[in-house]
Amino acid sequence: MRIFCASIATETNTFSPLRADLSDFKESFYAAPGEHPETPTLCSAVFPVCRRRAQEEGWELVEGTATWAEPGGIVNAKTWDGLREEVLDQLRSALPVDAVVLGLHGAMVAQNCQDCEGALLEAVRGIVGPDVVIGATLDPHSHLSQKRTKNADILVTFKEFPHTDFVECAEDCVDLVARTVRGEIFPKLHVADCNMIEVLPTSREPMRSFVDKIKDLEGQKGILSVSVIHGFMAGDVPDMGTKILIVAEQAQDSAPSLADDLSQELFSFRGTTRPEFLSPAEAVERAKAAESGPVVIADVWDNPGGGVPGDSTILLRTLVEQKAFDAAVGTIWDPMAVKTCISAGEGAKLKLRFGSKMSDTAGPPIDAEVTVLKIVLNATQDFGTSIVPLGDSVAIDYLGITVILNSNRSQSFDPSLFRNLGVDPQSKKILVIKSTNHFYDAFVPVASEILYASVDGPYPNDPRTTDYKFVRTDIWPRTGEKIS
Ligand SMILES: [Zn+2]
């Protein structure tokens with residue numbers, strides 16, 4: 001068996017003040033053929049999985065490029081054209097192959113393409129022809145177009161949000177591809193639209209039981225894989241929204257009705273899936289009143305993982321207003337301030353402007369005298385088994401609050417982000433982080449309590465009022481239907 005694998009991935013917030021080009025991919029993750037590390041990244045776990053299976057089963061594996069850019073703004077046309085052609089050229093020279101396995105995200109939008117993954121799968125199909133098996137992994141925060149389901153044989157998404165199962169997802173995808181090549185299964189894709197836009201964390205009910213249920217369905221009655229496309233509300237594209245995606249044996253004619261049933265069940269959850277969202281003032285008040293710490297306050301929308309800059313100062317200002325100085329903030333993205341602090345050196349006191357440089361919606365920047373506590377070049381944080389770059393970073397003292405400034409945008413995944421900058425997370429009463437839900441599993445062991453703060457900023461967090469141009473209007477909650 002001869003398999004080609006490659007990965008091009010990012011998540012595009014079409015409303016973001018940022019723009020993305022090749023430097024964003026190279027800064028986040030770029031591995032030329034053969035140079036993918038042993039450890040997986042979120043969207044490239046198919047590489048280590050294919051390598052292991054190739055070794056165990058004697059497959060010939062041809063590796064293409066693997067690259068990922070931290071979620072951001074619209075991708076530059078030249079960058080998208082260049083990365084796509086790079087991978088397609090690698091595939092052409094790898095021919096003949098029995099299968100193509102792609103690690104995708106599924107919410108990439110370029111200046112010249114609203115459905116990059118659909119276009120890539122279509123181009124791959126055009127090169128390999130109808131008989132070669134094409135499989136891909138997708139992030140559930142993606143847009144499922146017909147172009148994708150028409151051109152792929154196997155599509156599998158991460159089931160968990162936080163995405164703790166990205167390696168498992170790659171294992172499932174590669175396994176189904178291999179079984180298809182060997183003629184053991186004859187897969188067909190079925191999609192049912194849930195007609196809604198919703199945030200669907202799986203660390204809580206009702207989604208927890210729903211994910212357990214779809215896992216139990218797999219392997220029974222010809223159902224090979226069940227995925228939920230959550231959708232990504234910051235992507236203004238026609239296919240945005242929640243969908244059920246089933247891979248089933250061709251002969252299995254009950255799959256479409258199963259997809260319909262699951263989509264209706266998911267639709268019935270609308271308006272009930274999110275945790276309690278507090279205002280910044282409420283969140284800080286509750287954290288101050290807690291008997292013990294650290295109370296983690298997640299700034300859910302100023303999450304660089306959702307494509308915004310991640311430089312909002314609103315929660316930090318609220319800490320100061322409420323005199324909650326026994327706190328640490330990780331992180332505020334500000335490469336310019338980081339550079340200035342590095343030039344000043346550890347221990348230096350200086351007047352610094354930091355935060356809120358990229359939009360007029362993330363609060364005013366902060367002008368203050370600060371002390372540089374720690375400088376770490378090429379800082380990182382953990383995310384499961386993968387290592388996430390934060391770029392050159394500094395910890396500064398601002399009125400007793402420790403603020404971590406970083407230069408590679410990244411959401412807050414793990415308490416190691418504080419430890420690596422010299423801050424013991426357990427020594428603080430309050431930890432402010434920027435993440436919607438990926439932080440959850442890693443912060444539970446250190447947190448006395450977790451609070452979610454909904455802070456307006458550059459992220460379009462209410463589909464009822466977001467100025468969409470391409471998203472359908474007949475999709476909840478744009479339909480105006482109220483949930484009691
Ligand atoms: Zn995601």
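Whatever order the structure lists them in is the order used to number ligands and atoms, beginning at 1.
For His163 and Phe161, the gap between ring centers is short of 6.0 Å. Between Tyr459 and Trp301, the gap from one ring centroid to the other is short of 6.0 Å. Aromatic pair His141/Phe232: centroids not less than 6.0 angstrom apart.
Considering all non-hydrogen atoms of both residues, Arg148 and Ser142 come closest at NH1-CB, 4.4 Å. Heavy-atom minimum distance, Gln111 versus Ile74: N-CG2, 3.5 Å.
A salt bridge links Arg51 and Glu38; the closest N-O separation between the charged side-chain nitrogens and carboxylate oxygens is under 4.0 Å.
Tally of protein N, O or S atoms closer to the Zn ion (ligand 1) than 2.8 Å: 4.
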